[in-house]
Amino acid sequence: TSPSLSRYCWPVSPAHRGHGSPETRASGNPGTCLRGKMTVIALINQKGGVGKTTLSVQLAAALVLHRKKVLLIDADPQGSALDWAETREQRREREGGVDAHRFPVIGLPKQILHKELPSLREGYDIVVIDGPPRVYEVARSAVLASDIALVPVTPSQYDVWAADETIRLINECADLYKPNLKRAFVVNRKIANSAIGRSVRKALDAYDTPVLKSVICQRVAFAESAQGRTVFELDADGPAAREVKELAAEILKLSVGAA
């Protein structure tokens with residue numbers, strides 16, 4: 001394990017004390033626990049480069065704006081969501097002020113994620129899992145832990161073809177263990193003002209999986225947000241913020257009855 005993976009290990013809840021392994025990092029403060037129904041949303045795609053991490057962190061921020069208590073789990077061994085959170089925390093320490101979009105981020109790229117999650121999930125309304133590419137057993141564990149499995153795809157025929165493996169994984173988990181698992185595609189990085197988004201929707205009809213109406217376009221704000229920011233801070237009224245808000249609202253409707 002590299003030093004960067006072990007440097008930020010600390011327990012994130014009383015139930016998780018003693019589990020500060022090099023594979024587990026945390027950033028943020030879990031805060032006060034809330035009571036009530038809780039939903040786990042996993043963003044899964046066995047193909048890399050589809051924007052899972054950017055979508056995960058911005059979705060988490062949007063759900064916080066919906067007054068939800070959110071936990072983000074980074075299940076990717078690369079730890080990109082953790083790097084985002086670390087960069088954000090460092091900026092806050094330099095600049096001061098209150099982080100209105102703050103939510104805890106922990107690293108749990110483990111094959112037993114679905115078994116460890118119950119000790120971490122208490123007190124949250126929603127857990128968002130940023131799934132790994134190509135790490136089959138970890139991805140499978142993320143699906144088993146979830147109530148909703150979202151598959152981000154870019155408007156590319158290659159992504160449509162590559163989605164087959166991910167959909168088969170999700171369907172296998174649903175058929176064997178999670179009969180109430182909800183699943184859907186999310187079109188991500190669509191080129192604005194083009195017909196490509198409509199084309200990819202038609203191509204995805206080959207799968208027995210719905211496509212969410214909300215679409216995330218390829219925008220500069222998303223690239224800039226990698227520096228530990230949210231699109232809502234960069235431009236609260238801009239198109240990127242509007243698209244993420246619409247996606248969060250649609251997912252919240254989907255989550256009714258999912259948990």
Side-chain angles (χ1 to χ4, degrees), residues 1-28 30 38-53 55-57 59-60 70-86 104-124 126-152 162-183 209 258-259:
T1 304
S2 66
S4 62
L5 282 179
S6 60
R7 188 171 39 179
Y8 298 98
C9 301
W10 66 80
V12 297
S13 72
H16 198 60
R17 284 178 185 145
H19 294 270
S21 65
E23 293 80 9
T24 305
R25 289 191 288 163
S27 180
M38 205 272 310
T39 301
V40 180
I41 303 167
L43 283 84
I44 297 291
N45 195 323
Q46 294 289 83
K47 181 180 181 298
V50 296
K52 288 191 304 296
T53 297
L55 204 55
S56 295
V57 298
L59 174 60
V70 180
L71 170 66
L72 175 59
I73 293 180
D74 189 343
D76 188 339
Q78 293 181 352
S80 297
L82 285 162
D83 291 337
W84 177 90
E86 181 186 330
V105 181
I106 68 168
L108 205 62
K110 295 184 176 182
Q111 299 178 12
I112 55 172
L113 187 161
H114 61 293
K115 296 181 179 180
E116 293 200 9
L117 182 59
S119 69
L120 301 172
R121 61 190 279 174
E122 184 178 354
Y124 295 100
I126 297 177
V127 174
V128 177
I129 301 176
D130 178 18
R134 297 180 296 279
V135 186
Y136 183 86
E137 289 302 326
V138 178
R140 180 176 180 273
S141 184
V143 174
L144 290 174
S146 65
D147 302 298
I148 301 172
L150 300 179
V151 183
D164 180 68
E165 182 181 6
T166 302
I167 293 300
R168 282 192 284 110
L169 169 63
I170 292 172
N171 288 342
E172 175 188 302
C173 292
D175 293 343
L176 296 177
Y177 307 106
K178 305 274 294 189
N180 296 321
L181 178 67
K182 295 187 178 182
R183 67 213 85 167
T209 301

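We're numbering straight along the sequence, starting at 1. If you're wondering where the values come from, they're calculated on a predicted model, not measured in any experiment.
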Quick one: closest heavy-atom pair of L72 and A81, and the distance? CD2-CB, 4.2 Å

Can you measure from CD1 (I129) to CD1 (I106) and round to the nearest 0.5 angstrom? 9.5 Å

Option passing side-chain contact (heavy atoms from CB on, under 4.5 Å) with L71 (candidates I126, V128, V127): V127

Point-to-point distance, once rounded to the nearest 0.5 Å, from CG of D74 to CG of D83: 8.0 Å

Close side-chain approach of I167 and R183, heavy atoms under 4.5 Å: no

What's the separation between atom CG in L144 and atom CG in L169, rounded to the nearest 0.5 Å? 8.0 Å

Hits for side chain to side chain contact (heavy atoms under 4.5 Å, CB included) against S141, two or more places apart or cross-chain, chain-then-number order -> L113, H114

Give every residue pair that meets the side-chain hydrogen bond (donor to acceptor under 3.5 Å, both in side chains) criterion with at least one member in residues 129-139, sequence neighbours excluded. T53-D130

Here the salt bridge (Lys or Arg N to Asp or Glu O under 4.0 Å) pairs for residues 167-181, sequence neighbours left out, are R140-E172, D164-R168

Report the residues that fulfil side chain to side chain contact (heavy atoms under 4.5 Å, CB included) with V138, sequence neighbours left out, ordered by chain and then residue number. A75, Q111, P132, V135

Can you tell if the side chain of P133 reaches within under 4.5 Å of the side chain of K52, non-hydrogen atoms only? yes

Decide yes or no for T209 and I170: does some side-chain heavy atom of the first lie under 4.5 Å from some side-chain heavy atom of the second? no

Throw together a table of side-chain donor-acceptor distances under 3.5 angstrom for residues 40-48, partners on residues two or more places apart or in other chains.
from : atom 1 : to   : atom 2 : distance (Å)
N45  : OD1    : K47  : N      : 2.9
N45  : ND2    : P152 : O      : 2.7
K47  : NZ     : D159 : OD1    : 2.9

Give the C-alpha distance, both sets of side-chain angles, the deciding distance and a yes or no for side-chain contact (heavy atoms from CB on, under 4.5 Å) between I73 and L117. CA-CA 9 Å; I73 293 180; L117 182 59; 3.4 Å; yes

According to side chain to side chain contact (heavy atoms under 4.5 Å, CB included), who are the partners of A60, at least two apart in sequence or on a separate chain? V70, F103

